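Report on one structure; see the data block that follows.
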Protein chains: 4
Amino acid sequence: MSQDESPSARLRGRPPSPEARNKALRTARDILLNEGFGRLTIEAVAARSGVSKPTIYRNWANAVELAMAALMADPATPSGKAGENVAGSLGSQMRALVTAFATTRGRQIALALASSDPESEMTKAFRNRVILSSRETGRRLVGEAVARGEIAAPADIETLLDMIYAPVFYRLLVGHLPLDLPFADSLVTRALALLSQSDGL
Amino acid sequence: MSQDESPSARLRGRPPSPEARNKALRTARDILLNEGFGRLTIEAVAARSGVSKPTIYRNWANAVELAMAALMADPATPSGKAGENVAGSLGSQMRALVTAFATTRGRQIALALASSDPESEMTKAFRNRVILSSRETGRRLVGEAVARGEIAAPADIETLLDMIYAPVFYRLLVGHLPLDLPFADSLVTRALALLSQSDGL
Amino acid sequence: MSQDESPSARLRGRPPSPEARNKALRTARDILLNEGFGRLTIEAVAARSGVSKPTIYRNWANAVELAMAALMADPATPSGKAGENVAGSLGSQMRALVTAFATTRGRQIALALASSDPESEMTKAFRNRVILSSRETGRRLVGEAVARGEIAAPADIETLLDMIYAPVFYRLLVGHLPLDLPFADSLVTRALALLSQSDGL
Amino acid sequence: MSQDESPSARLRGRPPSPEARNKALRTARDILLNEGFGRLTIEAVAARSGVSKPTIYRNWANAVELAMAALMADPATPSGKAGENVAGSLGSQMRALVTAFATTRGRQIALALASSDPESEMTKAFRNRVILSSRETGRRLVGEAVARGEIAAPADIETLLDMIYAPVFYRLLVGHLPLDLPFADSLVTRALALLSQSDGL
DNA sequence: ATATAAACGAGACGGTACGTCCCGTCTTTCG
DNA sequence: CGAAAGACGGGACGTACCGTCTCGTTTATAT
């Protein structure tokens with residue numbers, strides 16, 4: 001039933017070339033970081049990478065999806081190491097997160113998300129892998145702390161996670177105040193206050 | 001300097017017509033709400049409004065600024081009435097805010113902000129009037145509560161305000177979870193917990 | 001030269017399939033007659049016929065040659081039956097010719113010729129088999145009449161043949177006047193006048 | 001009523017620039033004569049002329065129409081001077097015509113006609129001004145000879161004109177025999193034979 | 001009244017990029 | 001080992017908007 005799907009999926013014809021894909025992605029990434037989201041055009045990627053426009057369109061539906069793919073391929077999202085307690089692990093994650101976002105790349109990520117078709121599969125993958133991954137890490141860290149008996153299980157974990165991770169995104173995009181390490185620390189302090197308080201509720 | 005500047009600055013020639021301005025703004029608003037941010041082009045606004053392209057460019061530098069102007073002209077941002085206590089006033093503001101943002105217009109606002117040149121004067125005005133106005137209202141509500149002796153003055157008010165208002169924007173833009181009234185209530189509950197706790201710290 | 005060439009000529013490997021050739025030709029013919037010369041692309045023929053592009057390219061150098069091959073394979077050029085006198089045989093040939101050309105296919109023939117590389121072997125074959133075949137038939141009919149003593153041998157037979165057959169092609173391509181049976185008759189009348197006059201000259 | 005149409009046809013807006021039109025036409029003509037019809041692309045004309053693609057498309061619907069316009073603008077079609085008798089005037093016209101067509105430009109004209117949409121206004125203008133103009137001149141020359149009493153009025157003038165002018169076009173396009181001065185002379189001889197014979201009929 | 005001048009609509013301009021089509025070639029697997 | 005399948009680089013297509021620039025017209029203040 002299920003095991004004959006993958007192995008015998010013998011593809012006829014010339015297989016897609018990973019080389020072309022990768023050249024396009026690398027070029028897109030370079031443009032994104034050096035010139036910004038508004039300059040990332042299919043035309044430019046084709047011209048600089050040597051990959052033809054039709055081939056690019058065979059792989060991604062438009063420039064936004066290519067941008068998201070390039071940002072996803074970029075190994076730069078902090079994954080959050082397990083620490084001995086919530087304060088430590090959350091703190092180090094948040095500091096890494098703020099550092100990662102307070103760059104050109106951070107703003108490009110936000111722009112890509114904002115410009116994307118919210119229903120597209122690529123957008124959903126991007127959201128999960130890039131925007132929400134640190135939020136999920138946060139959920140894991142809290143879960144571990146609960147398991148260790150360090151804190152009680154919070155009642156409305158989703159709202160809590162939003163309150164912790166949304167401000168990073170907010171400062172990045174709105175730009176009313178700096179996205180720096182003092183802010184990260186202040187955020188973690190407040191997050192811990194919420195967590196220690198959210199017992200039975 | 002000289003006396004003919006401000007008072008008698010009687011301009012020669014035909015004065016700018018507020019009619020043209022308003023027609024363009026109304027058309028922009030309609031396109032924004034019915035077809036989305038991506039379809040708001042100067043060309044389309046000129047064609048539908050009967051206002052010529054040069055006239056539009058005389059008033060706004062580009063399509064994004066026109067969009068922001070149209071969204072600012074729209075009388076839909078909740079201003080937050082003064083209540084008898086923080087819980088009540090914050091609650092009613094947040095419910096109004098969530099209601100206002102959970103619409104097509106909300107998403108267009110986010111898109112406009114994300115696509116804008118962050119240094120432009122129009123962008124700054126838009127930020128202050130549309131994105132940050134509820135945050136400022138929140139600052140006022142907290143200040144009043146402190147004045148009433150209801151709560152202690154929080155140490156890191158900026159981080160607190162971000163934690164309260166960023167999640168609305170975050171859910172709107174990221175779309176991972178619904179932006180609804182239960183969320184508004186949950187958010188207010190947690191905000192109050194933070195406020196009641198943020199004494200001297 | 002060596003004995004293994006012609007007689008045993010056992011070709012190694014899979015032999016070229018006449019099926020593929022014929023499917024491509026039939027599909028090309030259909031496109032030519034139903035959608036016109038401009039829509040006859042290798043891509044389209046490959047897609048509809050099930051014959052792959054490389055196979056088509058193995059048989060014909062480009063779309064124009066495929067078109068000419070398809071038009072040549074079409075059994076529709078009138079061959080001109082021998083009559084008892086020039087008037088009769090020429091008349092019936094010209095009526096058949098006009099009828100054959102006054103169709104979609106006639107126009108496609110002219111387009112194919114005009115678009116072709118005039119030096120290509122395929123073009124030369126096409127010219128001889130499709131465009132000039134009736135002219136050659138005309139030459140034979142005149143020769144037979146001379147042999148019968150019906151008319152004298154004309155001095156400048158080539159110019160004469162052009163004057164008789166060129167107008168059909170001319171009306172087809174230029175389209176200034178209809179290509180119909182009255183025209184065929186008028187043409188034959190004038191041709192006979194020329195022939196009866198072209199004695200010693 | 002009628003006299004206020006043309007003069008007061010006050011055009012609003014920026015007037016089309018004849019400069020742009022002419023630059024495009026000149027460039028198209030150059031490509032046509034030096035590189036052939038197949039290399040005349042809008043892209044190439046835009047690149048070489050400095051006129052933008054949209055402007056080219058505002059003036060001509062596609063490359064074929066641009067080609068026809070360029071060929072029409074070219075002052076190279078022989079107009080046929082009035083001679084003292086039909087033999088002379090027809091002879092000099094035909095010699096000029098053959099000379100004019102036996103060039104690169106001649107073949108480009110034929111190609112342009114063959115590739116064009118036969119219903120387009122541009123195609124009709126092209127036909128009348130370029131392909132049929134010598135035929136119309138021939139009609140005039142014959143008419144003048146009749147008026148002078150030199151020959152009788154032929155019965156089927158349309159067929160006659162086709163027989164005289166079609167062979168030039170035919171040899172040009174089919175290429176089976178050379179398009180040279182001996183051919184021109186031979187053609188005129190036969191034409192005169194037809195004309196002198198076509199009395200009452 | 002009559003200049004004078006600014007803002008207006010209309011619309012063409014040079015540009016950039018779009019997304020698509022088709023070309024002719026190349027690479028892989030199947031019969 | 002030829003045929004089918006199908007991805008590839010390349011080039012041109014025709015379109016959409018951009019932001020700028022004449023034009024001729026309209027509407028106001030300043031003479």
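Note that the structure is a prediction, hence the values are computed from the model and not measured. Lettering follows sequence order; numbering is per chain, from 1. In what follows, every heavy atom counts, from backbone to side chain, and hydrogens, waters and symmetry copies are set aside.
Atom CG in B/N22 sits 10.5 Å away from atom OG1 in B/T27 (nearest 0.5 Å).
Panel note: side chain B/R105, backbone B/L71; a donor-acceptor pair is recorded below 3.5 Å. B/S115 places a side-chain N or O within 3.5 Å of a backbone atom of B/L111 that can act as its donor or acceptor partner. Under the 3.5 Å distance criterion, the side-chain polar atoms of D/N62 are matched with a main-chain donor or acceptor of D/E65. Using a distance-only test at 3.5 Å, with no hydrogens or angles considered, no donor-acceptor pair links the side chain of A/S116 to the main chain of A/P118.
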Enumerate donor-acceptor pairs with a distance under 3.5 Å from any side-chain N or O in residues 35-46 of chain A to protein atoms, sequence neighbours excluded.
| unit_1 | atom_1 | unit_2 | atom_2 | d |
| --- | --- | --- | --- | --- |
| A/E35 | OE2 | A/R48 | NH1 | 2.8 |
| A/E35 | OE2 | A/R48 | NH2 | 2.8 |
| A/T41 | OG1 | A/A44 | N | 3.0 |
| A/E43 | OE1 | A/K53 | NZ | 3.3 |

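With sequence neighbours excluded, the residues forming a side chain to side chain contact (heavy atoms under 4.5 Å, CB included) with B/T104 are B/Q108, listed by chain and number. Applying the side chain to side chain donor-acceptor pair (under 3.5 Å) rule to C/K23 yields no partners; only residues at least two apart in sequence or on another chain are considered.
Side-chain N/O atoms of D/R14 and base N/O atoms of F/dC21 include a donor-acceptor pair closer than 3.5 Å.
Atom CD in B/E65 sits roughly 15 Å away from atom C1' in F/dC18 (whole-Å rounding). In this entry the distance linking CD of A/E35 with C1' of E/dT16 reads 15 Å, nearest Å. Rounding to whole angstrom units, CG of residue B/N59 and C1' of F/dG19 are separated by 15 Å. Straight-line distance from the CD atom of D/E19 to the C1' atom of F/dC21: 14 Å, rounded to whole Å. What separates CD1 of C/I56 from P of E/dC22 is a distance of 13 Å, to the nearest Å.
Taking both residues in full, the closest heavy atoms of A/A24 and A/V51 are given as N-CG2, 4.2 Å, listed atom of the first, atom of the second, then distance. Between D/L173 and D/R107, the shortest heavy-atom contact is O-NH1, 3.7 Å. Of all the heavy atoms in B/T55 and B/A20, the pair that sits closest is CG2-CB, 4.2 Å.
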- Query: What one-letter contact string describes nucleotides 9-16 of chain F from 5' to 3', where B marks a base within less than 4.0 Å of any protein heavy atom, S marks contact via sugar-phosphate atoms alone, and - marks no contact?
  - Reply: BBBSBBBB
- Message: Taking Watson-Crick (N1-N3 plus N6-O4 or O6-N4) and G-U wobble (N1-O2, O6-N3), each under 3.5 Å, can you produce the dot-bracket string of DNA chain E? Use [ ] for crossing pairs and | for inter-strand ones.
- Response: |||||||||||||||||||||||||||||||
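Applying a 4.0 Å cut-off to non-hydrogen atoms, none of the residues of residues 109-124 of chain D approaches DNA chain F.
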